[in-house]
Amino acid sequence: MIQARTRSADDTRALAASLANLAQPGDLLLLVGDLGAGKTTFTQGFAAGLGISGPVTSPTFTLAREYRGRLLLHHLDVFRLDQLSEVLDLGLPELLDSSGVILIEWGDAIRQTLPNDHLEVALTFIDGRPSPPDERLVALTPMGSRWQARAGDLVTAAEPWQEVPPQ
C-alpha cells in the first residue's frame with residue numbers, strides 16, 4: 001500500500017492527474033471513502049490527467065457517466081444500488097471488456113462482483129473527520145498482476161504526496 005496526503009481539493013486532483021498518466025485501457029479503479037471524502041474530486045483530477053476538459057460531476061443519480069480523453073473514462077457511482085444484481089444493469093461486464101478506464105465510486109460495495117485486478121484508492125479524513133485545510137489520506141493498494149506490475153510507477157507518481165514516516 002502506498003500512503004499519500006493531500007492538503008486541499010486541488011491537491012487531491014493533482015495526485016489523481018499524476019496517477020492518470022499511468023492509466024491503460026482496461027484499468028479498473030475502486031474509489032473508497034466516506035461521504036465527502038473526495039471520490040468525485042479524485043475523479044475530476046484523474047479525468048483532467050486524461051485530457052478531459054469538460055465538467056466532471058458525480059453520477060450519483062445517473063449511476064454512470066462517460067468522458068472522452070486520451071482514454072475513454074467510465075465514471076460509475078454505485079452508492080444508490082440496493083442489490084448486487086443491479087451491477088449487471090449498469091453494463092459493467094461490457095465496460096470491463098472495453099478499451100477505456102473505469103472508476104467506481106463506492107467500489108468496495110460491489111468488490112465481490114469485480115475482477116481482482118484493480119487499484120483501490122481509499123480516501124479518508126485526517127483523524128477520521130474533515131479537517132479545516134481539507135487534508136486527506138489517500139491509500140493506493142494495487143491488486144492483481146496488472147497493477148502490481150506498475151507498483152513502482154505508482155510510488156513515483158505519488159511521490160510528491162507521500163507521507164514521510166516519523167523517525
Side-chain angles (χ1 to χ4, degrees), residues 1 4 6 8-126 128-130 134-144 146-147 154 158:
M1 177 183 358
T6 61
S8 67
D10 286 341
D11 214 16
T12 300
R13 287 185 196 97
L15 169 61
S18 181
L19 296 173
N21 290 325
L22 305 176
Q24 299 175 4
D27 278 350
L28 173 63
L29 288 83
L30 305 186
L31 306 181
V32 177
D34 291 335
L35 197 59
K39 296 178 292 296
T40 300
T41 300
F42 182 92
T43 302
Q44 290 167 343
F46 197 90
L50 291 178
I52 296 165
S53 58
V56 174
T57 59
S58 176
T60 300
F61 296 101
T62 59
L63 302 180
R65 294 189 191 273
E66 184 178 282
Y67 303 96
R68 296 196 180 278
R70 174 177 67 84
L71 296 170
L72 186 63
L73 174 62
H74 301 283
H75 180 201
L76 285 69
D77 185 326
V78 297
F79 181 75
R80 295 174 45 93
L81 294 185
D82 292 326
Q83 299 175 6
L84 289 177
S85 62
E86 292 176 293
V87 171
L88 296 176
D89 295 336
L90 292 174
L92 193 53
E94 292 81 13
L95 293 179
L96 290 168
D97 288 336
S98 79
S99 60
V101 177
I102 303 170
L103 272 72
I104 304 177
E105 293 191 29
W106 304 97
D108 53 328
I110 62 167
R111 182 179 284 125
Q112 61 269 37
T113 68
L114 299 170
N116 289 329
D117 212 339
H118 61 268
L119 177 65
E120 181 174 297
V121 179
L123 298 113
T124 56
F125 299 112
I126 304 295
R129 59 182 162 65
D134 204 23
E135 290 185 87
R136 302 286 188 271
L137 290 178
V138 182
L140 306 170
T141 307
M143 305 293 291
R146 188 180 175 91
W147 283 101
L154 285 169

Smallest heavy-atom separation, Phe46 atom then Leu29 atom, equals CE1-CD2, 3.9 Å
When rounded to the nearest 0.5 Å, the distance separating CG of Leu31 from CG of Leu119 is 9.0 Å
*Within the distance-only criterion (no hydrogens, no angle test), does the side chain of Lys39 pair as donor or acceptor with the backbone N or O of Ile104 below 3.5 angstrom?*
no
Tightest non-hydrogen contact, residues Ala16 and Gly45, listed as CB-C, 3.8 Å
The residue among Thr43, Leu30, Val32 that forms side chain to side chain contact (heavy atoms under 4.5 Å, CB included) with Glu105 is Thr43
Checklist entry - So do Leu28 and Asp117 actually touch side chain to side chain, heavy atoms under 4.5 Å? => result no
With sequence neighbours left out, the residues meeting side chain to side chain contact (heavy atoms under 4.5 Å, CB included) with Thr141 are Met1, Glu120, Met143
When rounded to the nearest 0.5 Å, the distance separating CG of Leu103 from NE2 of His118 is 12.0 Å
Output for pair (Thr41 OG1, Asp11 CG), nearest 0.5 Å, gives 11.5 Å
Interatomic distance, CG@Leu19 vs CG@Leu154, rounded to 0.5 Å, equals 6.5 Å
In terms of heavy-atom contacts, Ala20 and Leu50 come closest through O-CD2, 3.9 Å
Separation between OG1 (Thr12) and CZ (Arg136), nearest 0.5 Å, reads 6.5 Å
In this structure, CG of Leu71 is separated from CD1 of Ile102 (nearest 0.5 Å) by 12.0 Å
Sorted by chain and number, sequence neighbours left out, salt bridge (Lys or Arg N to Asp or Glu O under 4.0 Å) with Arg70 holds for none
Checklist entry - Got Ile126 and Leu137 here, is their nearest side-chain heavy-atom distance under 4.5 Å? => result yes
Here the pair of heavy atoms bringing Ala23 nearest to Val101 is CB-CG2, 4.0 Å
Between Pro55 and Tyr67, the two heavy atoms sitting closest are O-CE2, 3.5 Å
Contacts of Asp27 meeting salt bridge (Lys or Arg N to Asp or Glu O under 4.0 Å) (sequence neighbours excluded), chain-then-number -> Arg146, Arg150
Requested in this report: Return yes when atom CG of Asn21 has more than 12 non-hydrogen atoms of other residues, nucleotides or ligands closer than 6.0 Å, and no otherwise.
Outcome: yes
